[in-house]
Amino acid sequence: MRWSQYFIPTLKETPAEAEILSHKLLLRAGLVRKLTGGLYTFLPIGLRVLRKIENIIREEMNRAGAVEVLMPALQPPEIWQQSGRYETARDVLYKVKDRANKEWVLGPTHEEVITTLVAGEISSYRQMPKNYYQIQVKFRDEIRPRFGLMRAKEFIMKDAYSFDASDEGAMVAYRKMYDAYTRIFNRCGLRNFPVEADTGVIGGNHSHEFMVPAETGENDVVYCEACGYAANIEKATSGLPKTAARELGAAVEKFATPGVVTIEALGKAPYSVPANRQIKTLVYIADSHPLIILVRGDDQLNETKLLAKTGAVAVRPANAEEIVPLLGAKPGSLGAVVNVPATVKVIADERLRGANDMTTGANEDGFHLRNVSMERDVKVSDWFDLRTVTKGEPCAKCGQSLKIQRAIEVGHVFKLGTKYSEKLNANFLDAEGKSKPCVMGCYGIGVTRTLQAVIEQCNDKDGIVWPVAVAPFAVCITPLVVAKDSPVMQLAEKIYTDLTAAGIEVILDDRDDRPGVKFKDADLVGFPLRLGIGEKSMAKGEVEFKPRGGELTAIKADEVLVKVREFLASRV
RNA sequence: CGGGACGUAGCUCAGCCUGGUAGAGCACUUGGUUUGGGACCAAGACGUCGCAGGUUCAAAUCCUGUCGUCCCGACCA
């Protein structure tokens with residue numbers, strides 16, 4: 001490819017819209033342009049990288065036994081109603097109407113479509129296992145699109161769906177995808193690691209996310225260096241001991257705490273109740289039912305856990321207008337000991353189990369209760385792990401100190417079970433002739449997000465530093481004289497022809513620009529190797545050999561092909 | 001949806017407080033000089049100041065509304 005005929009609109013200055021580094025580089029290196037918030041056009045360089053990533057994914061999916069299909073992006077709402085997600089996923093569903101005023105949805109994912117397909121095609125256990133995947137555009141009505149391709153309204157996803165006759169078979173399929181994902185992200189040049197994950201609205205009971213460590217990520221990952229435990233903070237647990245039981249004190253005692261409405265204030269004189277001896281009382285609305293949540297004063301409620309453990313579709317904190325009529329006091333004086341309506345369930349964090357000598361609100365403004373025993377004084381309906389892990393806590397598996405790292409989620413694998421096959425009638429007959437629902441798994445990779453994650457991880461002060469496997473071109477030839485009949489340009493053309501003939505992807509910077517401009521652009525766009533050809537080096541029969549981010553050396557002009565091959569082979 | 005900031009040339013931004021001829025740098029065009037890490041000189045072209053109302057003799061500037069962008073939060077498969 002000749003640069004002058006291509007389309008690489010690099011930017012010297014950073015567009016105001018970009019905040020994080022990868023987003024800036026995406027724009028500056030001319031990979032994408034924004035149409036409007038959350039919607040981007042891929043320019044040729046960006047598209048080439050996208051295709052590279054897609055092909056790596058294809059190769060690994062195929063290798064793992066998955067088969068490529070392509071499903072419609074526009075879908076009938078009926079299948080979403082059938083699966084129940086027309087309601088549970090309604091916030092992210094784009095809906096459109098046709099001329100007859102019939103409603104359609106733009107697919108945010110394809111469980112409904114693939115399950116409907118399979119329901120009509122698979123009828124025997126002999127036809128499984130099966131795994132179908134596609135690389136497709138998805139549409140999600142994100143509340144706040146941000147960070148360029150990281151969270152967009154429209155994005156490209158690889159999604160695979162496995163169908164098995166048994167739970168054991170489904171686990172095999174899951175494991176195959178898990179291994180394939182590790183290979184895919186490694187091949188893309190990404191440092192990455194799988195973590196245990198929450199399954200969210202998609203359902204299922206076994207799930208891992210593939211994370212790329214990055215400070216700009218939207219996830220917190222809890223991990224243990226000693227034993228390898230790693231989990232999304234939404235799911236992570238630790239080996240922290242339960243609250244120590246003490247000598248069971250006298251009966252509950254009410255005491256005045258005028259103006260004290262925070263854990264912190266109650267911890268100070270004259271009360272001096274340490275946070276770990278307080279019970280924090282929160283009120284949540286779960287699918288329109290109020291719930292009382294108890295966690296220890298020094299713990300934070302993890303809403304994802306709450307959602308998962310209660311099985312609710314949605315939870316949100318109740319506001320003061322809802323709380324006062326319910327418990328008779330404002331937030332800051334709440335508790336679950338007295339004046340709790342019988343209809344309201346009390347859910348408590350495991351860490352409080354057996355705790356006594358605790359202090360909590362009295363459900364009366366300006367008063368708290370001391371000598372509270374969870375067992376004796378609080379009627380708890382359910383005990384769950386509900387707290388958020390913090391760094392430094394002991395690992396539940398090995399006791400070593402846990403760490404927390406920000407990360408970008410680039411892939412997610414789920415064991416779905418029969419949630420969708422049951423609702424959408426994807427049944428088969430087993431060896432005994434008994435009808436059963438297929439056991440499913442689903443496996444997603446954010447392709448466009450992965451592209452940006454590579455940039456986020458592979459860059460320096462001059463621009464992008466592409467791993468060879470996903471580089472838009474492996475080599476950039478930079479002749480410093482571009483007149484057609486000049487010896488420099490003739491050598492550049494020869495090298496270009498030779499490398500291209502050898503199957504190497506080369507871009508020839510034939511623009512009539514000053515050297516500095518070309519060097520800066522080549523660095524910004526990030527080609528792994530740049531070959532510089534000027535009159536000086538040429539006089540010595542040499543060509544400049546400059547790996548991106550490495551040292552410039554001179555090589556013999558007639559050794560270019562060999563040296564380039566060596567270099568590329570060493571980087572795979 | 002709550003909080004904040006912003007919207008002026010293709011891009012980055014100044015001007016707004018204190019109303020009165022719309023600016024700079026980069027990019028672009030032409031000519032010249034340059035030519036190994038984003039050149040220099042000269043001349044030029046480029047704007048309904050996001051949009052709609054209002055106040056005023058007069059609005060980029062003040063007021064109201066609206067749309068859009070970005071940040072924080074909430075939310076999030």
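A note on names: the letters A, B, ... follow the listed sequences, proteins ahead of strands, and every chain is numbered from 1.
Taking atom C1' in both B/A9 and B/C46, the straight-line distance is 6 Å, to the nearest Å. When the C1' atom is used for both B/U56 and B/C13, the distance is 30 Å, rounded to whole Å. Rounded to the nearest Å, the gap between the P atom of B/G10 and that of B/C51 is 13 Å. For the C1' atoms, the distance from B/U35 to B/C72 is 48 Å, rounded to whole Å. B/G25 and B/A45 have their P atoms separated by 15 Å, with the value rounded to a whole Å. On the C1' atoms, B/A14 is 13 Å away from B/C49, given to the nearest whole Å. With both ends at atom P, the span from B/U29 to B/U8 equals 24 Å, rounded to whole Å. To the nearest whole angstrom, the two C1' atoms, one in B/C63 and one in B/U69, are 23 Å apart.
Surrounding NZ of A/Lys280 are more than 12 heavy atoms belonging to other residues, nucleotides or ligands, all under 6.0 Å away. Residue A/Glu535 qualifies as open at atom CD: its count of foreign heavy atoms under 6.0 Å is 12 or below.
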Quick one: which protein N/O atoms are closer than 3.5 Å to N/O atoms of nucleotides 31-37 of chain B? Pair and distance per line, please.
from	atom 1	to	atom 2	distance (Å)
B/U34	O2	A/Arg514	NH1	2.7
B/G36	N1	A/Glu544	OE1	3.3
B/G36	N1	A/Glu544	OE2	2.4
B/G36	N2	A/Glu544	OE1	2.4
B/G36	N2	A/Glu544	OE2	2.5
B/G37	O6	A/Arg530	NH2	3.3
B/G37	N1	A/Asp523	OD2	3.0
B/G37	N2	A/Phe519	O	3.4
B/G37	N2	A/Asp523	OD2	2.3

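Straight-line distance from the CH2 atom of A/Trp3 to the C1' atom of B/G38: 12 Å, rounded to whole Å. As a whole-Å value, the separation of A/Lys518 NZ from B/A39 P is 13 Å. Rounded to an integer number of Å, the gap from A/Asn219 CG to B/C76 C1' is 10 Å. Atom NZ of A/Lys153 is separated from atom C1' of B/A77 by 19 Å (rounded to the nearest Å). Per the geometry, CD belonging to A/Glu142 stands 9 Å off C1' belonging to B/C75, to the nearest Å. In this entry the distance linking CG of A/Leu39 with P of B/C70 reads 11 Å, nearest Å. Across the protein-nucleic acid pair, A/Ile143 atom CD1 and B/A74 atom P stand 11 Å apart, rounded to whole Å. Between the CZ atom of A/Arg146 and the P atom of B/C76 there is a distance of 13 Å, given to the nearest Å.
At a threshold of 4.0 angstrom between heavy atoms, the contacts of A/Glu234 with the nucleic acid are absent. Heavy atoms of A/Pro108 sit under 4.0 angstrom from at least one base atom. Within 4.0 Å (heavy atoms only), A/Ala18 reaches no atom of the nucleic acid at all. Contact annotation for A/Arg151: base contact, defined as any heavy-atom pair under 4.0 Å involving a base atom. Note on A/Val481: nothing from the nucleic acid sits closer than 4.0 angstrom, heavy atoms only.
Taking the six-membered ring for Trp and the full ring otherwise, the centers of A/Tyr161 and A/Tyr132 sit at least 6.0 Å from each other.
Of the two residues contacting RNA chain B, namely A/Asp91 and A/Lys12, the nearest-nucleotide position lying further toward the 5' end is that of A/Lys12. Toward the 5' end of RNA chain B, the nearer of the two residues A/Glu409 and A/Ala16, judged by each one's closest nucleotide, is A/Ala16.
Annotation: side-chain contact (heavy atoms from CB on, under 4.5 Å) contacts of A/Asp485 (sequence neighbours excluded): A/Ala483, A/Gln490. Taking the ring-ring contact (aromatic ring centres under 6.0 Å, His included) definition, one finds that A/Tyr6 meets it with A/Phe473, sequence neighbours left out.
Interface residues of residues 27-37 of chain A facing RNA chain B, ordered by number: A/Arg28, A/Lys34, A/Thr36, A/Gly37; criterion, heavy-atom separation under 4.0 Å. Heavy-atom distances under 4.0 Å link RNA chain B to no residue of residues 485-496 of chain A.
In this entry B/C17 has no Watson-Crick or G-U wobble partner, no candidate having both defining distances under 3.5 Å. Base pairing annotation: B/C75 forms no Watson-Crick or G-U wobble pair, as no partner gives both donor-acceptor distances under 3.5 Å. For B/U29, the paired nucleotide is B/A43, the pair qualifying as Watson-Crick or G-U wobble because both relevant distances are below 3.5 Å. Of all nucleotides present, none satisfies the Watson-Crick or G-U wobble test against B/G36 with each distance under 3.5 Å. When both pairing distances are held under 3.5 Å, B/A52 makes a Watson-Crick or G-U pair with B/U64.
By the 4.0 Å N-to-carboxylate-O rule, A/Arg406 lies close enough to A/Asp220 to be salt-bridged with it. The existence of a salt bridge linking A/Glu218 and A/Arg151 is confirmed by a sub-4.0 Å separation between a basic side-chain nitrogen and an acidic carboxylate oxygen. Taking 4.0 Å as the cut-off between side-chain N and carboxylate O, A/Asp509 and A/Arg511 count as a salt-bridged pair. The existence of a salt bridge linking A/Arg316 and A/Glu322 is confirmed by a sub-4.0 Å separation between a basic side-chain nitrogen and an acidic carboxylate oxygen.
Formation of a donor-acceptor pair under 3.5 Å by the A/Arg387 side chain with backbone atoms of A/Asp349 is not found in this model. The backbone N or O of A/Lys235 sits nowhere less than 3.5 Å from a side-chain atom of A/Asn232 that would complete a donor-acceptor pair.
Screening A/Val410, A/Leu451, A/Ile56 for a side-chain contact (heavy atoms from CB on, under 4.5 Å) with A/Cys188, the sole residue that qualifies is A/Ile56. When each of A/Tyr178, A/Phe414, A/Tyr443, A/Phe193 is checked for a ring pair (Phe, Tyr, Trp, His ring centres under 6.0 Å) with A/His208, only A/Tyr178 meets the rule.
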(message) Counting primed atoms plus P, OP1 and OP2 as sugar-phosphate and everything else as base, spell out the protein contacts along nucleotides 46-51 of chain B at 4.0 Å heavy-atom distance: B, S or - for each nucleotide, 5' to 3'.
(response) ------
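In this structure, CG on A/Leu31 lies 11.5 Å from NE2 on A/His23, to the nearest 0.5 angstrom.
Of the N and O atoms on the side chains of A/Ser207 and A/Glu209, not one donor lies less than 3.5 Å from an acceptor on the other residue. A donor and an acceptor atom, one from each side chain of A/Tyr284 and A/Glu303, are located under 3.5 Å apart.
A sub-4.0 Å separation between OP1 or OP2 of B/C71 and a side-chain N or O of A/Arg144 is present.
Between A/Phe185 and A/Phe210, the ring-plane angle classifies as tilted under the 30° and 60° cut-offs.
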